[in-house]
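Position 1 is the first residue of the sequence; numbering continues from there. First listed ligand is number 1; within each ligand, the first listed atom is number 1.
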Amino acid sequence: MSKTLQAVRGMNDILPDEAEIWEQFEEIVRNWLHSYGYRPIRMPLVEPTPLFKRAIGEVTDIVEKEMYSFEDALNGEHLTLRPEGTASCVRAAIQHNLLFSHPRRLYYQGPMFRHERPQKGRYRQFHQVGVEALGFEGPDIDAEHILMCARLWDDLGLDDVKLEINSLGSSEERAVHRAALIAYLEQHQARLDEDGKRRLYTNPLRILDTKNPDLQDIVEGAPKLAEFLGEESIKHFEGVQAVLKDAGLPYRINHRLVRGLDYYNRTVFEWVTTRLGAQGTICAGGRYDGLIAQLGGKPAPAAGFAMGVERLLALWQESGGQAERIVPDVYLVHAGEEAQRAAFRVSEMLRGTGFSVTQHCGGGSFKSQMKRADASGAPFAVVIGDDEAAAGEVSLKPLRDGGEQLRVPMEVLPETLADRLIESEEDDGSI
Ligand code: HAM
């Protein structure tokens with residue numbers, strides 16, 4: 001016997017019980033995004049590899065070791081499964097001239113791909129909800145992004161999520177800091193680990209982000225970017241903080257927050273929780289004023305963030321969040337040839353008047369069909385036998401509250417069902 005095929009490691013099936021939770025989450029997220037005036041955009045999952053190299057940076061974990069890149073067998077093009085959405089979103093905005101007349105508030109959601117070592121909260125195919133505000137200059141949009149996250153955590157009833165912020169300054173300020181940092185790290189070169197040595201001249205800022213405990217004292221003593229920020233950058237960062245303080249939103253300035261993608265400048269932020277183990281960052285982002293020009297667009301400022309849906313849902317469930325099971329209004333049971341024909345008519349009539357109906361398919365006795373009806377979670381069964389079909393009637397049988405069964409003409413079924421559904425919801429206390 002051949003071995004059964006399995007999903008690719010780190011790429012998960014989301015089965016119906018869980019997928020229903022995803023759908024409800026997606027609806028909450030969509031309403032939340034619309035309430036802030038963001039509009040959807042959908043980009044391809046595959047992009048030219050140079051897009052990510054240019055946007056994210058050649059010397060980053062993502063580009064160096066995590067991209068699913070391949071050559072198109074037909075034309076030799078170098079392609080990559082998107083590891084994130086910002087680069088694609090900016091590429092699309094440039095390609096379609098979206099910033100022609102006014103700035104844009106955009107969002108996207110969907111799978112991203114990174115060849116990381118899978119563990120709880122870290123997958124090779126994972127999902128993000130991403131938000132990008134293109135063409136906005138001031139600190140107000142940075143603050144809007146942070147406040148909107150806080151509102152979503154509130155809507156989802158999440159606690160234990162903490163905000164960390166930092167400013168990475170301008171590229172000129174970073175260049176001066178970088179020179180000072182290299183000079184400092186050169187003094188400790190012998191003690192640097194392999195990654196550190198490799199990054200010393202290519203991406204020294206990332207060395208500050210190391211998890212290696214042996215390097216912590218070096219990191220602690222390193223020149224801080226904050227000391228190199230100019231007046232404009234300081235003003236911008238203070239502008240963001242003023243809004244957060246006005247809103248009473250607690251935050252911590254983390255000077256070591258540098259992010260793993262190279263396009264950021266000025267404000268960066270992360271939302272972290274201690275309740276998910278090692279993979280505690282549920283949402284992250286910041287300003288990237290240089291990226292649009294870097295990808296060939298007319299220079300324009302921008303900022304955004306993305307959250308990890310798997311992590312957010314894990315935290316939502318940890319915090320007692322529960323999705324309601326989606327059940328049909330009616331499970332339609334039928335036996336007999338005439339009854340089956342009537343069943344299709346009745347099901348379509350009910351759907352046409354706004355009810356959800358699961359029609360029994362696949363035959364079986366009344367008894368076995370009633371078992372399925374019960375398992376479906378529907379509050380009512382509509383039962384059609386040949387005698388009901390011949391009389392143009394149906395039986396409406398309550399499945400939950402033990403109420404009496406009614407026999408009614410088919411054409412009054414929608415009205416009767418509507419009344420009975422309201423009654424049963426009132427009895428339930430659900431309205
Ligand atoms: P990122 O920090 O690479 O930023 O990813 C954002 C979030 O995606 C993370 O905080 C985490 O919740 C989730 N995430 C990342 N990798 C994985 C993984 N392997 N498994 C599960 N979840 C993961 C970005 O991607 C930027 N594009 C965010 C942004 C948008 N900045 C500006 N605009």
Exercise. With sequence neighbours left out, which residue pairs that include part of residues 162-181 fulfil the salt bridge (charged side-chain N to carboxylate O under 4.0 Å, His left out) condition?
Worked result: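 Listed once each, the pairs are E164-R252.
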Problem set entry | ring pair (Phe, Tyr, Trp, His ring centres under 6.0 Å) involving H334 - partner list, sequence neighbours excluded |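 Scan of H334 (ring pair (Phe, Tyr, Trp, His ring centres under 6.0 Å), adjacent residues dropped) gives none.
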For this session: Please list, chain by chain and in numerical order, all residues satisfying ring pair (Phe, Tyr, Trp, His ring centres under 6.0 Å) with Y264, sequence neighbours excluded.
Result: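 With sequence neighbours excluded, Y264 shows a ring pair (Phe, Tyr, Trp, His ring centres under 6.0 Å) to no residue whatsoever.
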Exercise. Quick one: does R198's side chain get under 4.5 Å of E64's, heavy atoms only?
Worked result: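 R198 reaches E64 side chain to side chain.
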Are any protein N/O atoms closer than 3.5 Å to the N/O atoms of ligand 1? If there are, list each pair with names and the distance to one decimal place.
unit_1, atom_1, unit_2, atom_2, d
ligand 1, 2 (O), R259, NH1, 3.1
ligand 1, 2 (O), R259, NH2, 2.8
ligand 1, 3 (O), R114, NH1, 3.0
ligand 1, 3 (O), R114, NH2, 2.9
ligand 1, 4 (O), R259, NH2, 3.0
ligand 1, 5 (O), Q128, NE2, 3.1
ligand 1, 8 (O), Q128, NE2, 3.2
ligand 1, 10 (O), T281, O, 3.4
ligand 1, 12 (O), T281, O, 2.8
ligand 1, 12 (O), I282, O, 3.4
ligand 1, 12 (O), G308, N, 3.2
ligand 1, 19 (N), E116, OE2, 2.7
ligand 1, 19 (N), Y123, O, 2.9
ligand 1, 20 (N), Y123, N, 3.0
ligand 1, 25 (O), R114, NH2, 3.1
ligand 1, 25 (O), Q128, NE2, 3.0
ligand 1, 27 (N), E84, OE1, 2.5
ligand 1, 27 (N), T86, OG1, 2.8
ligand 1, 27 (N), Y263, OH, 3.0
ligand 1, 31 (N), Y264, OH, 2.5
ligand 1, 33 (N), T86, OG1, 3.2
ligand 1, 33 (N), E132, OE1, 2.8
ligand 1, 33 (N), E132, OE2, 3.2
ligand 1, 33 (N), F305, N, 3.2

For this session: Return yes when atom CG of N31 has more than 12 non-hydrogen atoms of other residues, nucleotides or ligands closer than 6.0 Å, and no otherwise.
Result: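 Count over threshold, so yes.
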Problem set entry | With Q279, the side-chain hydrogen bond (donor to acceptor under 3.5 Å, both in side chains) member among E116, Q119, K120, E310 |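 The single option meeting the side-chain hydrogen bond (donor to acceptor under 3.5 Å, both in side chains) with Q279 is Q119.
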